[in-house]
Protein chains: 2
Amino acid sequence: MNATRPQTRRERLDAKETAVISAARALFLEKGEAGTRVAEIAKRACVAEGTLYLYFKNKRAILQAVVADHWEQLTVGAREAVEGQTETFDKLEALTTFHLRAVIADWSLLMLGTRLWATGAEAEEQMERDYRRNYVAIFDDLFRRGQDRGDVAADASLWQVRDLFYGTLEYTARTMMLHPERTDYDGVTEFVVAQVKSACLSGGQMPLYKEESGSRDLRSITGRLEAALKDLKSLDV
Amino acid sequence: MNATRPQTRRERLDAKETAVISAARALFLEKGEAGTRVAEIAKRACVAEGTLYLYFKNKRAILQAVVADHWEQLTVGAREAVEGQTETFDKLEALTTFHLRAVIADWSLLMLGTRLWATGAEAEEQMERDYRRNYVAIFDDLFRRGQDRGDVAADASLWQVRDLFYGTLEYTARTMMLHPERTDYDGVTEFVVAQVKSACLSGGQMPLYKEESGSRDLRSITGRLEAALKDLKSLDV
DNA sequence: ACTTATTATGAGTTTTACTCATTATGACAA
DNA sequence: TTGTCATAATGAGTAAAACTCATAATAAGT
C-alpha cells in the first residue's frame, strides 16, 4: 500500500524472478538460447549476474522457467475457451480454434521448448512432458465427458484421437507459419473438427456411417430437451 | 584394388568425414549435443581436434551433417517402400507403415534434429526444412498421382491432408515411445490410413455429414436452453 | 630426390557459464 | 534511533570448452 515500495519481501523476490524470466524470454526469442549471454539476461532484468544465479541454478533452468510459464498460460487459456461452451463438439471447436491460434501466435516460444528435448537429461525432458500432459488433459476431459454423454463412441481410442487432434493441428500451424497465404483458421478448424468427429464415432475402425450418426445426435438432443423441459416445469414459478 | 590402402585422395577424405559423422552421431545420441565434447568426437573418429575443424566449420555443422545424413536415409527408405506398391492406397499404407516404424526406430535421432530449431539462425532452420520437404515430397507425389487416377478428390487439399498424415503419425509415434504397451503398428496404420482416406474423399468439407449442420444448430440451441435453465435455477425463488 | 600443395596437429586463445568472498540491505529488538 | 543478524546482491575471478593458427607431416607431380 505504500506508494514508494509497496512490496513485502516475498513480493520483491517474485518480481525479480519474473523480471529475469521476461528478459530471458525476449532474448531467447530474438537470438535463440545459444545466442543469448547470461550476462545479457541479467543486465536486461537489472540484476547482477551473480544474483541471477541465486534465482536459477543455471542457464538451462532459466529456459525451463520460460517454457513452464508459457505452458501454464496456454493451459489457462485453453481451459477458459472450453468452459465457454457446453456441448461436446462446441467445446472441441473452441479448443481447436484456441489451440491453433495460440500455437501460431507463440510458435517461436513453443519451438524454444524443443530445446529441452534430446538433451540427454531425463529429468528436464520429463518436465516438458508433464506440462504438455497437463495441457492435453483438457482434451482428455472433453473426450471422456463426450463418451459419458454418448457424443463419443465408448470404444473410441482416446490417445489415437488425441494424437490425431494435436498432431494435425501442430503440423497445420507449422504450415501456416511457413505459408501465410494458407492461413485460413475457419477452414482448418472445420477440417480438423470433422476429422476428429469421424474418429470419435467409432473406435479403431473408420465409420462410413451414413445418417445413423445424425439421427443419434438428434435422439440425444431431443432427450436433453425433454429433460430440460421437465426440469423447467418442476420449478414453481 | 590395393589390399593395403586402396583409396584415392578423395575417398580418404570422404572416409574421414564419414568417420566424424558416425562418431558424432553415436555421442550425440548418448549424451546429447551439449553433453558431447568436440574433443571426444575427434578422438572417437581418430582425428586431431584441429583436423575436425577442416571438415566442419563448427560443432553445429557436425550436428547438421548428422541430421542431413539421417533425412537422406529416411527418404531413400520411404521411396523404396512406396515403389513396392502400385495402387494409391496400397502405397499410402506402405508409406504409413514405413514412416511409423522409422520414426519410432530413430526417434532420438529425429529429436536431435529439433536442436536445429529456434536457434536464431535462419539458414540452419532452412536446411532442416528443405530436407523435410524433400522427404514429404514422396507423399505429395502419391497424393497427386492419386488425384490423376481419380482415387483422390480433385478438390482435396494436399497440404491439409499431408499435415493430417504426418502430424498424426508423429504424435502417435511419440505416444508409442512413451507408452510401449500402446504399440500396435497395424491398428495405428489402419486408423491413420482410414482418416487420410476420408480426408481424401472431399476437400475442405468433411464428406460424411448430411444433417450434421441441422443437428449442430439444435445442439447449440439446446445448450443455450440448458444454460438458461441453470441460470434460472440459480436465482433463489 | 626435390618442390610444392594439401592435409594434419595440438598447444594456445577466447569466450562464456558459473562461483564465491565480500558488501549491502532491511527486519526486528533494545 | 541504533545495533545485530539473517538474507540478498555484487562483480571480479575461475574453469571449461569451442575454436584458431603456426608448424609439421604427407603425398602428388616432376
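Just so it is clear: chains get the letters A, B, ... in the order the sequence lines come, proteins before strands, and each one is counted from 1.
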Colleague: Please check: side-chain N/O of B/Asp106 versus main-chain N/O of B/Leu109, any donor-acceptor pairing under 3.5 Å?
Modeller: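 The answer is no, because no donor-acceptor pair under 3.5 Å joins these two groups.
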Colleague: Could you work out which one of C/dA17, D/dA28, D/dC19 sits closest to the side chain of B/Tyr53?
Modeller: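 Selected nucleotide (nearest to the side chain): D/dC19.
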Colleague: Any idea which of D/dA18, C/dA8, D/dT10 is nearest the A/Leu54 side chain?
Modeller: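 The closest nucleotide is D/dT10.
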Colleague: Taking atom C1' of D/dA8 as reference, at what distance in whole Å does atom OH of A/Tyr55 sit?
Modeller: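 Spelled out: OH on A/Tyr55 to C1' on D/dA8 is 7 Å.
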Colleague: So, is B/Arg12 close to the D/dA28 phosphate, meaning a side-chain N or O under 4.0 Å from OP1 or OP2?
Modeller: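 B/Arg12 to D/dA28 OP1/OP2: side-chain N or O found under 4.0 Å.
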Colleague: Just the rounded figure in Å: distance from P of C/dT13 to CD of B/Glu49.
Modeller: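 Nearest whole value for this atom pair: 16 Å.
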Colleague: By nearest atom, which of the nucleotides D/dC19, C/dT9, D/dT10 is closest to the B/Thr51 side chain?
Modeller: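 Nearest nucleotide to the side chain: C/dT9.
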Colleague: Nearest whole Å is fine: how far is C/dT25 C1' from A/Leu13 CG?
Modeller: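 It works out to 12 Å between those atoms.
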Colleague: Charged N to carboxylate O under 4.0 angstrom, A/Asp148 versus A/Arg145?
Modeller: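 No, this pair does not count.
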Colleague: Using heavy-atom distances to pick each residue's nearest nucleotide on DNA chain D, tell me which of B/Lys57 and B/Arg9 is more 5'.
Modeller: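 Taking each residue's closest nucleotide, the earlier one in sequence belongs to B/Lys57.
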Colleague: Starting the side chain at C-beta, find the nucleotide from C/dC18, D/dA18, D/dA28 nearest to A/Lys59.
Modeller: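 Looking only at side-chain atoms, A/Lys59 lies closest to C/dC18.
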Colleague: Which nucleotide in the list D/dT10, C/dA17, D/dC19 gets nearest to the side chain of A/Ala48?
Modeller: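 My answer, after comparing the listed nucleotides, is D/dT10.
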Colleague: Nearest 0.5 Å, what's the OG1-CD distance between A/Thr119 and A/Glu128?
Modeller: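 One gets 10.5 Å once the value is rounded to the nearest 0.5 Å.
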Colleague: Parallel under 30°, tilted from 30 to 60°, perpendicular over 60°: which one fits the rings of A/His99 and A/Tyr166?
Modeller: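 Answer is perpendicular, since the angle exceeds 60°.
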Colleague: Do A/Asp163 and B/Thr175 have side-chain atoms, one donor and one acceptor, less than 3.5 Å apart?
Modeller: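 Yes, because at least one side-chain N or O of A/Asp163 sits under 3.5 Å from a partner of the opposite role on B/Thr175.
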Colleague: If we check side-chain contact (heavy atoms from CB on, under 4.5 Å) with B/Ile62, which of these qualifies: B/Val67, B/Leu52, B/Thr36, B/Ile21?
Modeller: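 Running side-chain contact (heavy atoms from CB on, under 4.5 Å) over B/Val67, B/Leu52, B/Thr36, B/Ile21 with B/Ile62 returns exactly one hit, B/Leu52.
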Colleague: Go through residues 14-43 of chain B and report each residue with a non-hydrogen atom lying under 4.0 Å from DNA chain C, sorted by number.
Modeller: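 Within this stretch, B/Lys16 sit under 4.0 Å of the strand.
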